[in-house]
Amino acid sequence: MRLQPHCSAALTYYLPVNAVSEGLSEQSANGVLMVRPARFAHNNQTAGSNRFQQSAAQSDRTAAMAAAEFDALSSGIAMTGVAVCCVDDTPEPPKPDAAFPNNWVSFHRDGTVVMYPMLAPNRRAERRPEILSIVEQRLQFRRRRLIDLSVHEREGRFLEGTGSLVLDHTQRIAYACRSGRTDEALVRAWSQQLGFEPLLFDAAGPDRTAIYHTNVLLSVGTAWAVVCTDTIAE
């Protein structure tokens, strides 16, 4: 499989926006959204499909470590010249995965904003419309259309943003690994609306459990690509 660079976030804390600074390729964003977690913790509602999680009792130390990592990452990104839009999570209701906003929203160069359907009920509370306004104001993102796919949650169909979709913006290819969190029909519908060619495949871990998100096995940057081929079915 030949891979080309794309613009989706290499770190799941943040998202691409539409503006491109001088000297960066079309694949790279010059502004990112980050949500500072208020109640970071193990998420029982997603643990069944995410085998990377380890169950542990929530503690003040865990929350402090997450906050410190968040601040270090934010500072590191800013030092590269990328604008960082930090938004605080709200403590109620508890949202243990609020630090990963790329699963519920994506911003695109043509001014499109997409909101996504998510499997876990406690993750749906992460969709806060006021965050869109903050991004528009702080990063000068000009929204031209909003596509809200969250209605598909009622049908039990999910597509979790750039966790489910790894995007090649140059070749206009949307890579997607089928799973309970990545519905094939929604991938194809998304691709048609955004002007991408969908490339779907199956992948599983050592215990044959489907890989829950495409971006845990595939990442494509401006000048590099990483793929875990051992997980991909023939």
Side-chain angles (χ1 to χ4, degrees), residues 9 11-17 31-78 83-107 113-139 141 143 146-165 179-183 186 212-213 215-216:
L11 297 170
T12 51
Y13 287 162
Y14 64 91
L15 301 166
V17 296
V32 298
L33 165 67
M34 298 180 66
V35 176
R36 180 179 285 103
R39 302 283 293 272
F40 183 83
H42 177 267
N43 190 343
N44 292 326
Q45 295 186 17
T46 61
S49 58
N50 179 356
R51 299 304 176 88
F52 296 104
Q53 287 197 66
Q54 297 181 7
S55 181
Q58 174 67 356
S59 66
D60 292 340
R61 181 174 179 272
T62 300
M65 289 174 63
E69 183 173 332
F70 177 95
D71 290 338
L73 178 60
S74 174
S75 298
I77 293 172
V84 179
C85 174
C86 286
V87 179
D88 289 331
D89 178 30
T90 55
E92 296 296 336
K95 298 178 288 298
D97 290 324
F100 308 107
N102 70 304
N103 295 151
W104 69 263
V105 65
S106 64
F107 301 86
V113 177
V114 185
M115 297 175 68
Y116 295 91
M118 295 192 290
L119 172 66
N122 66 4
R123 294 215 60 191
R124 299 168 192 174
E126 297 172 26
R127 287 193 301 260
R128 294 163 51 199
E130 67 270 22
I131 291 179
L132 306 185
S133 299
I134 293 171
V135 169
E136 291 175 33
Q137 178 182 0
R138 296 184 187 173
L139 297 181
F141 179 85
R143 190 198 329 173
L146 174 65
I147 299 174
D148 188 355
L149 301 177
S150 63
V151 294
H152 294 288
E153 289 168 351
R154 305 169 191 167
E155 308 159 3
R157 299 167 62 203
F158 311 106
L159 183 67
E160 298 192 333
T162 56
S164 292
L165 299 162
S179 76
R181 301 203 208 177
T182 304
D183 181 87
L186 289 183
Y212 72 104
H213 274 167
N215 71 345
V216 303

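The first residue in the sequence is number 1, and the count goes up from there. Being a predicted model, the structure only gives us computed values, none of them experimental.
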#### Entry: Minimal non-hydrogen separation, Pro101 against Ala98, with atom names
CD-O, 3.8 Å
### Message
Checking Arg123 now: which residues fulfil side-chain hydrogen bond (donor to acceptor under 3.5 Å, both in side chains) with it, not counting sequence neighbours?
### Response
Asn103, Glu126
#### Entry: Contacts of Arg124 that satisfy salt bridge (charged side-chain N to carboxylate O under 4.0 Å, His left out) - sequence neighbours left out
Glu153
### Task
Kindly compute the distance separating OG1 (Thr162) from CZ (Phe100), expressed to the nearest 0.5 Å.
12.0 Å
### Query
Once you round to the nearest 0.5 Å, how far does CG of Leu33 lie from OG of Ser106?
11.5 Å
### Task
With sequence neighbours left out, write down each residue that passes side-chain hydrogen bond (donor to acceptor under 3.5 Å, both in side chains) with Ser179, or none if nothing qualifies.
none
### Message
Between Phe141 and Val113, does the side-chain contact (heavy atoms from CB on, under 4.5 Å) criterion hold? Intermediate values first, please.
### Response
CA-CA 10 Å; Phe141 179 85; Val113 177; 3.5 Å; yes
### Task
For atom CD of Gln137, decide whether the heavy atoms of other residues, nucleotides or ligands shown that lie under 6.0 angstrom number more than 12.
no
### Query
Which atom names give the shortest non-hydrogen contact between Leu139 and Gly31, and what distance separates them?
CD1-C, 4.1 Å
### Rounded distance (nearest 0.5 Å) linking atom CE of Met34 with atom CG of Leu73
4.0 Å
### Summary
Residues Asp97 and Asn43: closest non-hydrogen pair is OD2-ND2, 2.9 Å
### Task
Examine distances only and state if a side-chain atom of Asp89 and a backbone atom of Ala38 form a donor-acceptor pair shorter than 3.5 Å.
yes
### Task
Please report the shortest heavy-atom distance between Met115 and Arg127, naming the atom on each side.
CE-CD, 3.8 Å
### Task
Taking side-chain hydrogen bond (donor to acceptor under 3.5 Å, both in side chains) as the test, write out the residues that go with Arg143, two or more places apart.
Glu136
### Task
To the nearest 0.5 angstrom, please state how far the CH2 atom of Trp104 sits from the CD1 atom of Ile131.
4.5 Å
### Message
Donor-acceptor pair, distance only, cut-off 3.5 Å: does the side chain of Glu160 make one with the backbone of Arg181?
### Response
no
### Query
salt bridge (charged side-chain N to carboxylate O under 4.0 Å, His left out) with Arg36: which residues, sequence neighbours excluded?
Asp71, Asp88
### Task
Go through the steps for Phe158 and Leu186 under the test side-chain contact (heavy atoms from CB on, under 4.5 Å), then give the verdict.
CA-CA 8 Å; Phe158 311 106; Leu186 289 183; 5.8 Å; no
### Query
Partners of Arg157 by salt bridge (charged side-chain N to carboxylate O under 4.0 Å, His left out), sequence neighbours excluded?
Glu155, Asp183
### Task
Under the side chain to side chain contact (heavy atoms under 4.5 Å, CB included) rule, collect the residues that match up with Pro93, sequence neighbours excluded.
Lys95, Ala125
### Query
Distance from Leu119 atom CG to Tyr212 atom OH, nearest 0.5 Å?
12.0 Å
### Query
Which residues satisfy the side-chain hydrogen bond (donor to acceptor under 3.5 Å, both in side chains) test with Glu92, sequence neighbours excluded?
Arg39
### Query
What pair of heavy atoms forms the shortest contact from His42 to Pro96, and how long is it?
O-CB, 4.3 Å
### Task
Quick one: do Val135 and Val105 satisfy side-chain contact (heavy atoms from CB on, under 4.5 Å)? Show the steps, please.
CA-CA 11 Å; Val135 169; Val105 65; over 6 Å; no
### Query
So which heavy atom on Thr182 is nearest to which on Ser164, and how close?
OG1-OG, 2.8 Å
